[in-house]
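Here's the structure, in structure tokens; my notes come after.
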Amino acid sequence: MKRKVLLIYTGGTIGMEKDYETGSLRAFDFGNIFEKMPEMKLMECEVFVHPFEKPLDSSDMGPEEWKVIAHYIRKNYDEFDGFLILHGTDTMSYTASALSFMLKGLTKPVILTGSQLPIGDLRTDAKENLLTSLYYASLYENDKAVIREVAIYFEYKLLRGNRTLKYSAEYFDAYASPNYPILGQSGVHLNIIKENLYRPDPEIEFHVDDHISEDIIFWRIFPGMNLNHFKEIPEMKVLILQVFGSGTIFSSEKTMETLQQIRNNGTEIVVVSQCISGGISFGKYENSNIFSRIGAISGKDMTAESAITKAMHLIGNPNYPGSFAENFSRNLCGEIS
Ligand code: ASP
């Protein structure tokens with residue numbers, strides 16, 4: 001039986017080609033993808049293409065577009081066996097993380113991919129990324145999807161979406177998942193590492209929870225930072241602080257005073273690390289004790305992208321009874337160890 005994959009093209013480098021006369025990049029009509037890539041017709045799955053009316057650079061992708069994608073998947077959920085989202089690489093980890101929180105009880109693959117070079121470029125990485133993503137998006141065993149989560153496929157690796165970050169604007173190998181092992185790898189054989197795959201609670205029926213709040217602020221601290229600027233920020237429901245190493249911050253009175261004042265204003269504080277791998281461990285150093293004292297929440301080994309979108313999804317969400325801290329600390333879909 002031929003599996004059906006819905007390909008949603010949102011924009012980004014992958015859908016561009018070089019105009020060899022002018023030398024500049026331009027978006028091509030994605031509806032003609034089968035002419036550009038006749039290889040797609042050789043795939044064992046059937047592909048249906050839904051391009052965004054106006055392809056977006058991924059720096060223009062945000063909550064509105066995440067919701068559009070989530071609801072489009074919901075609308076087409078029964079008709080398709082898998083979903084492939086083509087996306088600019090710059091913010092793909094944010095979209096993948098946000099979708100992982102919004103799409104509840106997934107029983108089908110949602111794969112995101114993009115490319116560093118346009119599909120029309122001679123040395124492009126787009127074709128391999130696209131073809132192998134289609135393979136993963138249509139992978140079934142005993143009539144059940146093998147992948148039941150939001151994943152990114154890029155440069156031979158399949159990664160859990162909410163564990164990824166883009167770490168290179170240069171190399172084809174642009175994504176990493178430093179705190180969670182890969183889900184699959186494509187070499188001579190296309191492998192999947194089943195024990196690393198996420199399995200949603202079978203009691204939860206697939207649905208979309210599109211709650212996303214934008215009242216989140218993110219600060220990366222640095223030596224010498226003047227915290228006075230930050231005392232009175234209105235509408236700040238969650239402050240995500242990206243701190244040093246395993247959770248340290250300068251220990252001055254001023255730090256304590258400012259952060260305590262922010263907490264007294266009712267703002268939740270989440271702490272994540274500036275390190276790419278490893279995570280937060282309150283109490284390891286004296287200079288992290290301040291966070292326990294003010295009731296901050298440890299983001300543990302979450303990526304910044306994942307912590308931001310999780311906070312956006314949870315704060316003020318009526319579907320999550322209990323405190324923000326309790327809900328944030330829970331593993332919702334494989335994003336935290
Ligand atoms: N600026 C582009 C984007 O994220 C880069 C890319 O697609 O690789 O949309």
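Quick caveat, the model's predicted, so the values are computed rather than measured. Read the numbers this way: they start at 1 and go in the same order the structure lists the ligands and their atoms. These values consider heavy atoms only, across backbone and side chains, with no hydrogens, waters or symmetry-generated copies.
- No donor-acceptor pair closer than 3.5 Å links the side chain of Asp201 to the backbone N or O of Gly105.
- Within 4.0 Å of ligand 1, the residues that place a heavy atom are Gly12, Thr13, Asp57, Ser58, Gly88, Thr89, Asp90, Ser115, listed by chain and number.
- When the side chains of ILVMFWY residues are joined at heavy-atom separations under 4.5 Å, either directly or via intervening members, Tyr77 and Phe101 end up in two distinct hydrophobic clusters.
- Under 3.5 Å, the side chains of His71 and Asp210 contain a donor-acceptor pair of N or O atoms.
- Defined by atom type and a distance below 3.5 Å, a donor-acceptor pair is present between the side-chain atoms of Ser59 and Asp57.
- The CD1 atom of Ile336 lies 6.5 Å from the CG atom of Asp301; values are rounded to the nearest 0.5 Å.
- Residues Phe83 and Met1 fall into different hydrophobic clusters, defined by Ile, Leu, Val, Met, Phe, Trp and Tyr side chains chained together at heavy-atom separations under 4.5 Å.
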